[in-house]
There are 2 protein chains.
Amino acid sequence: MSGFEEREAAWIALNQTRTRLFSRAERALVAAGFPRLHWYDVLWELERAPDGLRPKQLEQQLLFDQSSFSRQVARMAEDGLLTRHAAAGDGRGKVLRITDEGRTLRRQMWDIYRKHIDEGIAEAQKLGAFAPILNLND
Amino acid sequence: MSGFEEREAAWIALNQTRTRLFSRAERALVAAGFPRLHWYDVLWELERAPDGLRPKQLEQQLLFDQSSFSRQVARMAEDGLLTRHAAAGDGRGKVLRITDEGRTLRRQMWDIYRKHIDEGIAEAQKLGAFAPILNLND
DNA sequence: ATAATTAACATGTAAATGCATCTAAAATGA
DNA sequence: TCATTTTAGATGCATTTACATGTTAATTAT
């Protein structure tokens with residue numbers, strides 16, 4: 001049985017580990033002239049959806065603010081990373097699809113992101129950062 | 001020995017769990033008329049430092065951007081949550097100290113934050129969200 | 001000692017965020 | 001069917017962010 005303090009400790013560990021890795025990966029991406037990680041997330045979800053996705057759907061999945069996401073999509077469309085078609089059967093909506101350019105960018109970003117995930121998780125492990133999470137299960 | 005794909009999976013789990021919990025807690029705080037969680041983080045670090053902290057130190061610990069943190073501190077000072085004294089022995093620097101008002105706000109925010117940590121971690125556990133992290137250790 | 005470099009923090013500015021609001025199109029229901 | 005409500009997405013606007021740069025003080029090198 002894990003008490004409350006263990007959940008707190010697990011959260012702190014979780015949060016610190018993720019923040020550190022995320023921050024380093026973003027810095028590396030920006031330093032290499034690439035966009036930030038939330039661009040990556042959008043590209044990744046779109047790449048996994050061959051039939052495209054509705055903005056609302058993606059926005060909720062990625063926990064974006066609605067208006068921010070609307071503009072995010074506009075920026076990415078302007079950069080040629082995705083297209084916005086009118087949604088068949090729903091005159092209000094759009095369907096987003098990744099472009100070849102988007103796929104290429106995602107792959108390039110992944111090369112950097114992957115390295116940081118590998119290093120960051122390995123380091124966290126070595127530092128025992130996951131111990132509080134493991135402790136939840138006793 | 002854990003291979004690379006396991007680190008990826010652990011990262012995805014980590015990231016999703018933290019993002020979800022963080023997002024919910026922030027929504028709840030804002031809905032209750034409180035500031036966002038990075039305000040909380042600053043207050044918490046200051047509360048644990050009876051002699052105060054230098055902005056640079058805090059900024060690096062919390063992985064803030066330098067200029068953003070400078071303005072963040074200015075806002076919090078304006079709201080009476082912390083004070084900025086000249087640093088003894090360093091004419092360039094400041095020392096930040098939490099105020100009583102800051103302590104009160106932190107405690108109020110914690111009541112909400114704590115609940116979300118408890119629920120969020122418990123839910124993640126129930127959903128098996130930590131499995132990929134546990135898998136790292138086989 | 002003093003000149004050159006580095007460090008701490010602030011600020012100008014352009015871009016991003018998020019709340020409130022708007023428009024147009026479904027869905028609901030009387 | 002026609003009026004009401006809800007939903008998808010865009011946009012105006014004030015706040016926030018982050019890069020670049022400025023200012024002042026400490027450190028280092030000559």
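Convention: sequence-line order gives letters A, B, ...; per-chain numbering from 1.
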- Message: For Arg27(A) and Lys94(A), find the nucleotide of DNA chain D closest to each by heavy atoms; which residue's nucleotide sits nearer the 5' end?
- Response: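 Result of the comparison: Lys94(A).
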
- Treat a base pair as Watson-Crick or G-U wobble with both distances under 3.5 Å, then lay out DNA chain C in dot-bracket form, 5' to 3', with | for cross-strand pairs. ||||||||||||||||||||||||||||||

- With heavy atoms under 4.0 Å as the rule, sort Arg75(A) into base, sugar-phosphate or nothing.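 If one applies the 4.0 Å heavy-atom cut-off, Arg75(A) turns out to touch the sugar-phosphate alone, with no base involved.
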
- CZ/Arg97(A): more than 12 non-hydrogen atoms of other groups inside 6.0 Å: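 Counting other residues, nucleotides and ligands, CZ of Arg97(A) exceeds 12 neighbours.
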
- Message: Is it the case that over 12 heavy atoms from other parts of the model lie below 6.0 angstrom from the CZ atom of Arg103(A)?
- Response: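 Check passes, neighbour count above 12.
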
What is the separation between atom [atom1] on [X] and atom [atom2] on [N], rounded to the nearest whole Å?
X: Gln72(A); N: dG9(D); atom1: CD; atom2: P; result: 15 Å
X: Arg92(B); N: dA26(D); atom1: CZ; atom2: C1'; result: 4 Å
X: Leu82(A); N: dG9(D); atom1: CG; atom2: C1'; result: 15 Å

- Query: Tell me, which of residues 36-69 of chain B have any heavy atom that sits under 4.0 Å from an atom in DNA chain D?
  - Reply: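 Nucleic-acid contacts, sorted: His38(B), Asp65(B), Ser67(B), Ser68(B).
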
- Query: Of Asp90(A) and Val95(B), whose nearest nucleotide on DNA chain C comes first from the 5' end?
  - Reply: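 First, find each residue's nearest nucleotide; the 5'-ward one identifies Val95(B).
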
- Query: Less than 4.0 Å between a side-chain N and a carboxylate O, is that true for Arg75(A) and Glu78(A)?
  - Reply: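 No, this pair does not count.
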
- Does the pair Arg106(B)/Glu101(B) count as a salt bridge with the N-to-O cut at 4.0 Å?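 Result for this pair is no, no salt bridge flagged.
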
- Answer yes if the side chains of Ser67(A) and Asp65(A) hold a donor-acceptor pair under 3.5 Å, and no otherwise.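 Distance-only check passes for Ser67(A) and Asp65(A).
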
- Any donor-acceptor N or O pair under 3.5 Å, side chains Trp44(A), Tyr113(A):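 Side-chain D/A pair, Trp44(A) to Tyr113(A): absent.
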
- For the side chain of Gln125(B) and the backbone of Phe130(B), is there at least one donor-acceptor N/O pair under 3.5 Å apart?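 Flag not set: sc Gln125(B) to bb Phe130(B) has no pair under 3.5 Å.
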
- Query: Which heavy atom of Arg54(A) sits nearest a heavy atom of Ala87(A), and at what distance?
  - Reply: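 Looking at all heavy atoms of both residues, the shortest contact is NH1-CB, 3.7 Å.
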
- Message: Let's test your reading of the model: under 3.5 Å, does the base of dG18(C) pair with the side chain of Arg71(A) as donor and acceptor?
- Response: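 Present.
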
